[in-house]
Amino acid sequence: MATESPSPIIMDVDPHPTTDGDASMADAEPGTTPNDEPATAMVDDDAPDSTTPTDEAFTSDDDSDMEKDDSHDGDDADAAADPSAALLEALTHKNAGNAHFAENSHIEASRCYRKGISLLKKLNLANSGDEQTKSLLVSLNTNLSMVCYKQQKYKLSKDAASKALEIEGENVKALFRRAVALRALGEEDAAMVDLKRGYKIDPSNVSVKKELASIKKARETQRANEKERLQKAFSSGSLLYGDKEEEEKRAQKRREREKKEKEEREEEEREKRKKEWEDDCVEKLKDGKEVLSFDQWEEERKRKEKEEREEKERARKAKEKKRREEQKAKKKQKEESDSEDELTEKELAMLRGYKKTSDGRTTSYFTREQTEKEKELIGCIQPKRLESTATEESCEVTSASAVGSVWNQAGTTWEERDTTEWCKSCLKECLLESTAVHNVENGDVTYVARVKDVDSLTGDASVAIAGGKKRYIYDFHTDVKYEIYNESDTKCIASGSLKLPDINSAHTAEEELEVDVLKWKKAPKGESGPADVEVCRSLLVGDVRKSVLRFVERFNANF
């Protein structure tokens, strides 16, 4: 006999889950008052409207329901055996959950939604269920996300919405639910990602647009507050810089307060001393002694206090003197003890391994010292320094044909000689010789430009020998200060600096040498003919380049 296949079940499940009229999405931010309803004030489409619920005690029932529902193996087996019955029962749990939510019974509502989800999990393994199963699962998870959010269990709310998105990745309601949960968790950037994704899918969704606008407004407000705070922090009267006037007022008040406290202490001490004086007067009257006035008694008291201080100071000085004498005695005793440990010359001579040289030094037994007779016979064997055939001072080579040093006459071995100091001196001398003269046309004025100083001369130079050839290597950087004056009265009319950033062996032509003309230190006045002064300076720049070439010629000639 053929078995009768179960008839399909028609359910009222999310007929329009992501439309503008979706009652599950409210129009304002979550967590506000009933006058400003939270964005997640509603559950599913068929759930009734709800205002902000009353506070409920958060128990662990909802959290434990996860484990309880997952343990319904019998229910799962029944669901696998009869999918239609499982769908019908899950729909019943969903409707019951919506009813509990309408009554603000969030704990019972979450239990119903979780039971429905537990019944349908076996029917949608690896997201392989039919459309009815998937649609109901998405609805249950989004409703569960809403309930968890209302209970301020934002992480559970986010997880429930994520499970709905695993089933239907472009469900706008699930994206919205997860976004508001993420925002409550402080993850605004992730919330913005979900909201923008939902807006891209459904640009007409009012709830998504309002939540996006709410986040943007909150960020703008935060930026404005931060800007205002920074402006206050960096304003002239802020705590960061301090208000001098306010600080002075506070200091004045502090000084006045301290002065007043000091006067009060002095007054209290005076009253105390006055009472002591009165007691002292009573005692003297009893004994028939002469009574002193308060001022006389004060002077007597000060005299006694002074004597006591002097006595204490004398005792302290005597104690300090005694301590220093004891330290001196200990030091002397230690020096005498150390001197006893030192060896005499005779004892050192007897000690194996050491001996005295002719100049009185104590040295090793193996040190060889020549006698005068030995020096006469074989000469002095003391090591001597080998002098080179040429010196930097003279810069003269002993032989025109010599290329390297004595040991490298063929010049086949790389040999390099440092000539930095000589080159610096020579380059500075050449630059100081730089001068330029400019005769103004149709006039009797002559401008003279001259290098006044060479500043910040840095770099190095050397002569290298390899392959039988000499290579002149140098790299210097310097600033040149100059003055321009009228030849008739030698009065400085302009001054400035030239920068030579790259004097090296790679640039040997005059036009290749880089000379930077810096701003005038003293600019020429109108009566000095600025254009003619500029011409004079340009002539000086050309002569500076020639001075560098003169340095190169001297360098090559002397080494």
Side-chain angles (χ1 to χ4, degrees), residues 28-36 38 52 55 152 154 182-192 210-282 291-320 323 455-456 495-497 518-523:
E29 292 183 42
T32 55
T33 61
N35 294 331
D36 185 15
T52 303
D55 293 337
Q152 298 182 8
Y154 303 122
L182 286 168
R183 185 183 181 188
L185 290 170
E187 302 178 29
E188 280 196 356
D189 292 338
M192 284 293 288
K210 288 190 175 183
E211 190 68 17
L212 275 170
S214 174
I215 293 178
K216 289 179 180 178
K217 184 178 179 181
R219 288 185 172 182
E220 290 174 359
T221 303
Q222 182 180 2
R223 283 194 293 268
N225 293 338
E226 183 69 14
K227 183 178 179 181
E228 182 180 359
R229 186 182 67 80
L230 290 174
Q231 286 176 346
K232 289 181 179 179
F234 287 94
S235 63
S236 59
S238 66
L239 293 176
L240 184 63
Y241 293 102
D243 190 337
K244 293 184 179 180
E245 185 177 352
E246 289 295 326
E247 182 64 26
E248 183 61 30
K249 288 181 181 179
R250 288 194 293 269
Q252 181 65 25
K253 289 181 180 179
R254 184 171 62 253
R255 287 193 294 269
E256 291 176 357
R257 184 174 64 253
E258 291 174 354
K259 182 180 179 180
K260 185 177 179 180
E261 291 174 354
K262 184 179 178 180
E263 291 175 352
E264 290 176 353
R265 285 196 301 270
E266 290 177 351
E267 185 63 27
E268 289 176 0
E269 291 174 358
R270 181 178 174 82
E271 291 295 328
K272 186 177 179 181
R273 291 196 303 272
K274 200 167 185 180
K275 190 174 182 305
E276 291 177 0
W277 168 71
E278 292 173 353
D279 294 340
D280 185 61
C281 290
V282 172
V291 177
L292 301 175
S293 66
F294 180 71
D295 293 338
Q296 292 173 338
W297 184 84
E298 278 277 83
E299 291 178 1
E300 183 68 16
R301 182 187 62 82
K302 290 178 181 179
R303 184 183 62 79
K304 289 181 179 180
E305 288 181 354
K306 183 179 179 182
E307 290 177 354
E308 289 176 0
R309 287 196 300 270
E310 291 176 350
E311 182 64 27
K312 288 180 180 179
E313 184 66 18
R314 284 194 295 270
R316 186 191 66 79
K317 288 182 178 180
K319 186 177 180 181
E320 181 68 19
R323 185 184 65 81
D455 190 22
S456 304
S495 63
S497 298
L518 306 181
K519 290 177 65 177
W520 290 105
K521 183 177 180 181
K522 179 180 179 182

* Asked: Is it true that atom CD of E300 has more than 12 heavy atoms of other residues, nucleotides or ligands lying nearer than 6.0 Å?
  ->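 Atom CD in E300 is packed in, count exceeds 12.
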
Going from [atom1] on [X] to [atom2] on [Y], what distance comes out if it is rounded to the nearest 0.5 angstrom?
{"X": "I215", "Y": "R183", "atom1": "CD1", "atom2": "CZ", "value": "5.0 Å"}
{"X": "M192", "Y": "D189", "atom1": "CE", "atom2": "CG", "value": "8.5 Å"}
{"X": "K260", "Y": "E258", "atom1": "NZ", "atom2": "CD", "value": "13.5 Å"}
{"X": "R250", "Y": "E247", "atom1": "CZ", "atom2": "CD", "value": "4.5 Å"}
{"X": "R301", "Y": "W297", "atom1": "CZ", "atom2": "CH2", "value": "6.0 Å"}

Is a salt bridge present between [X] and [Y], judged by a nitrogen-to-oxygen distance below 4.0 Å?
{"X": "K216", "Y": "E220", "answer": "no"}
{"X": "R303", "Y": "E307", "answer": "yes"}
{"X": "R229", "Y": "E226", "answer": "yes"}
{"X": "E269", "Y": "K272", "answer": "no"}
{"X": "E188", "Y": "R219", "answer": "yes"}
{"X": "K302", "Y": "E299", "answer": "no"}
{"X": "E276", "Y": "R273", "answer": "no"}
{"X": "E320", "Y": "R323", "answer": "yes"}

* Asked: What are the two closest non-hydrogen atoms of W277 and L292, and how far apart are they?
  ->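 Heavy-atom minimum between the residues: NE1-O, 2.9 Å.
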
* Is any side-chain heavy atom of R314 closer than 4.5 Å to a side-chain heavy atom of E311? ->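 Side chain of R314 against side chain of E311, heavy atoms only: contact under 4.5 Å found.
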
* Verdict with supporting geometry, R255 and E248, salt bridge (Lys or Arg N to Asp or Glu O under 4.0 Å) -> CA-CA 10 Å; R255 287 193 294 269; E248 183 61 30; 3.3 Å; yes

* **Criterion salt bridge (Lys or Arg N to Asp or Glu O under 4.0 Å) on R316 and E313, from CA distance to verdict** => CA-CA 5 Å; R316 186 191 66 79; E313 184 66 18; 2.6 Å; yes

* Side chain of S214, backbone of K210: donor and acceptor closer than 3.5 Å? ->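 Such a contact is absent between S214 side chain and K210 backbone.
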
* Give the C-alpha distance, both sets of side-chain angles, the deciding distance and a yes or no for salt bridge (Lys or Arg N to Asp or Glu O under 4.0 Å) between R270 and E266. => CA-CA 6 Å; R270 181 178 174 82; E266 290 177 351; over 6 Å; no

* **Donor-acceptor pair between E256 and Q252 side chains, under 3.5 angstrom** =>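 Short answer, yes.
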
